[in-house]
Structure formats: structure tokens, C-alpha cells
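First up is the structure itself, then whatever we jot down about it.
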Amino acid sequence: MAYKGKRMNPQKFERGQIKIMIILLPLLIFMAMPLVYIANHAFKPMDELFAFPPTFFVKNATFENFEKLAKFSRSSGVPMSRYIFNSIVVTVATVGFSLLFTTMSAFALSKLKFKGRNMMMSINQFALMFVPTAVLIPRYLVIATTGMIDTLWAHILPLVAYPVALFLVKQFVDQVPDALIEAAYIDGATDFKVYIKLIIPMIKPAIATATILTFQQVWTNVETSNFFVNEDSMKTLTFYMNSMINVNNAVSGQGMSAAATLILFVPNLVLFIFCQNGVMNTMAHSGIK
């Protein structure tokens, strides 16, 4: 039904959108300021890094900070390429396994009938209360007992189960009509075929959001490198960058710290840009009951 001849989401620009833009533009600028500052700060020469009053934008951009960072990494015992390789393998494997187990668990907990289903979901909700530090000792005991110390599995397995992602995806699966699933079963579809052909295509926005949440948890994690891995060659890039920032926290190391911060931030930004449509759809559907 039309409302005064206007649509809720017009495809073309309308004058009525101007007032919305006037409200949103200052908010957009305010939220983008930290991103712009991080990018500019990494390219500042030494005199601009310590200028007073501080400058927001870089005046004489330089790659000197990145060159110093590369030189420092070459002088260390383990090359940066090894840390990058570890982070890529750990991140891809953890995000992949996490999404697989999360979507399958969400489908089972939402649409399949079996004994103990409600108890399992209650356990997942109860797990939301615990911070990683609270379960550090049990995690270490499991990793040590299974012989995964100083392996990539010590990075992967502790982060595969993500209660927040499971809770989010299950709420999305709950919105899939039961009649649609029953029709698929009548046509001879198995549980796995329903999961692949029906559930996955209908919960893509939730999967995109879970991907970002899981990626951020894994990419920024230093706990596994600190407590479960002793060999430097098995640690991740985030741990190396954070360690370098702490070691070079003097005046001469501020440029490298700025460059390292930008390097760690860029993957999060790129992933969000690719998945932003799914995230926005997740937020929109969360209000539809």
C-alpha cells in the first residue's frame, strides 16, 4: 500500500532524502575519523609523529615506517612471512570450521527434534557469560593433554566454538518456515540436503555477520600464542606485531608501531566491505518477528 505516493525505499534520489543525509552525514564523518587517522598516522614521518599540536592528516607522506618494519623483521630470528603464513592458515581454518559447526548446530538446535536440544542451547547461552580468561586453565589442560602444544591446532581448536555466532545464526534459522522444510522432506530430501539446499541459502546474511565476528576474534587473538605455543615459528602475526610494539615502545619505534597497527587493521576493513550487505540484512531481519 502506498503512503502518500511515496515508497519506503526509493531507487532514485528524492528530495525527502536530504533531511536524512543531513542527519547521517555528521555521524558518518565522526565514525570515519578513527579510520582516517590510523591510515594517516602510519605514513607520517618522525617529525610529524611527535608534532605539537598533533596533526590529524599527514603532510609529507612516506613509506619509511613500513621500510623500518620490514628491516626489523628481517633482523629477527623468524621472518615475518612465517608469521603471515601462520595467521592465514589459522584464520582460514578456524573461520571455516567455526562456520561449518555453527550453521550445522544452528540447524539441528532449531529444526530437528531430539532429546537434550533445549539443554544444549541453554549451555550455549550460559557460555556467553564467560570471558576467555575464565576458561584459560581448562583450555590449557585440554590442549596439553591432547598433545597440541606448539602446533597450529593449538590456535585453531580453542576458537572454533563461538557461542555468540551460534546464538545469532540460530535466531535466523528459527525464521525459516517449518512448512518449507516439511515440503522438502516430503519430496525425499535428507537432513543434509535440507541443510545445504535450503537452510544455507536462506541464512546467508547471518553467515556473513558470523564470518566477521569470528574473523575478528581469530585475527586479533594473542592468547593462543602466549599460552599454548612456545616456539616462535608457530606464533601468529598479531602476536608478533604486538610484541614488536611493546619492545619498540620508545620514540624510535613509534613509526613502526603505527605501520603495524595499520597492517593489522586493513584485513578487518576489507572483510567488512565485502560482507557489509549481509551484515545490514542481518540487522534488518533481526527486527522482523
Side-chain angles (χ1 to χ4, degrees), residues 90-149 151-178 180-182 185 190-196 198-200 202-229 275 278-279 282-283 285-289:
V90 168
T91 302
V92 172
T94 305
V95 172
F97 283 129
S98 180
L99 292 178
L100 175 64
F101 296 145
T102 295
T103 53
M104 293 180 70
S105 301
F107 170 56
L109 292 173
S110 177
K111 299 302 181 182
L112 301 183
K113 308 296 183 181
F114 58 92
K115 188 176 181 180
R117 182 183 67 169
N118 294 332
M119 182 185 67
M120 291 180 181
M121 193 60 202
S122 298
I123 292 174
N124 182 79
Q125 293 175 339
F126 187 67
L128 296 173
M129 300 171 56
F130 292 94
V131 295
T133 306
V135 295
L136 179 59
I137 294 177
R139 280 183 176 179
Y140 179 82
L141 293 176
V142 172
I143 296 297
T145 302
T146 53
M148 291 186 291
I149 296 293
T151 65
L152 291 178
W153 289 110
H155 295 290
I156 297 171
L157 290 186
L159 303 178
V160 166
Y162 195 23
V164 175
L166 176 57
F167 179 81
L168 173 67
V169 176
K170 181 186 176 298
Q171 302 308 308
F172 233 79
V173 178
D174 288 342
Q175 299 179 30
V176 178
D178 292 336
L180 193 61
I181 297 177
E182 292 174 359
Y185 284 134
T190 61
D191 289 338
F192 183 74
K193 192 170 184 179
V194 170
Y195 164 75
I196 293 294
L198 188 62
I199 299 298
I200 293 298
M202 297 188 69
I203 63 171
K204 285 183 178 180
I207 293 176
T209 304
T211 300
I212 293 177
L213 294 176
T214 307
F215 177 86
Q216 290 178 340
Q217 182 196 31
V218 178
W219 184 255
T220 60
N221 179 267
V222 295
E223 174 190 294
T224 55
S225 294
N226 277 325
F227 301 108
F228 306 149
V229 176
C275 299
V279 175
T282 303
M283 298 302 104
H285 283 281
S286 64
I288 301 175
K289 301 297 181 183

Gln125 and Phe167: CA distance, side-chain angles, deciding distance, side-chain contact (heavy atoms from CB on, under 4.5 Å) verdict: CA-CA 7 Å; Gln125 293 175 339; Phe167 179 81; 3.7 Å; yes

Stepwise side-chain contact (heavy atoms from CB on, under 4.5 Å) test for Gln217 and Asn221: CA-CA 6 Å; Gln217 182 196 31; Asn221 179 267; 5.7 Å; no

Test side-chain contact (heavy atoms from CB on, under 4.5 Å) applied to Lys111 and Val173, step by step: CA-CA 8 Å; Lys111 299 302 181 182; Val173 178; 4.0 Å; yes

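In this structure, Ile149 and Tyr140 have side chains that are in contact, with non-hydrogen atoms separated by less than 4.5 Å. Looking at Tyr195 and Met104, their side chains come closer than 4.5 Å, going by heavy atoms from C-beta outward. Within the 4.5 Å cutoff, the side chain of Phe107 has no heavy atoms near those of the Ile203 side chain. In this structure, Thr151 and Phe228 have side chains that are not in contact, with every pair of non-hydrogen atoms separated by 4.5 Å or more.
Among all heavy-atom pairs drawn from Pro158 and Arg139, the shortest one is O-NH2, 3.3 Å. Among all heavy-atom pairs drawn from Arg117 and Ala108, the shortest one is CD-O, 3.9 Å. A pairwise comparison of heavy atoms in Val169 and Ala106 identifies CG1-CB, 3.6 Å as the closest pair. Nearest heavy-atom pair across Ala134 and Pro138 is O-CD, 4.5 Å. A pairwise comparison of heavy atoms in Leu128 and Pro163 identifies CD2-CB, 3.5 Å as the closest pair. Val142 and Thr146 get closest at one heavy-atom pair: O-OG1, 2.7 Å.
To the nearest 0.5 angstrom, Thr91 atom OG1 is 5.5 Å from Phe215 atom CZ. Of the inter-residue distances, the one linking Met120 atom CE with Leu109 atom CG reads 7.5 Å to the nearest 0.5 angstrom. Atom CE of Met148 and atom OG1 of Thr224 lie 11.5 Å apart (nearest 0.5 Å). Rounding to the nearest 0.5 angstrom, the gap separating the OG1 atom in Thr214 from the CG atom in Leu99 is 5.5 Å. Note that OG of Ser110 and CD1 of Ile199 are 7.5 Å apart. Values are rounded to the nearest 0.5 Å. Interatomic distance, CG of Leu168 versus CG of Leu213, reported as 7.0 Å (0.5 Å rounding).
No more than 12 heavy atoms of other residues, nucleotides or ligands sit less than 6.0 Å from atom CZ of Phe126. Atom CD1 of Ile137 is surrounded by 12 or fewer heavy atoms from other residues, nucleotides or ligands within 6.0 Å.
Screening Val95, Val90, Val218 for a side chain to side chain contact (heavy atoms under 4.5 Å, CB included) involving Leu159 leaves a single residue, Val218.
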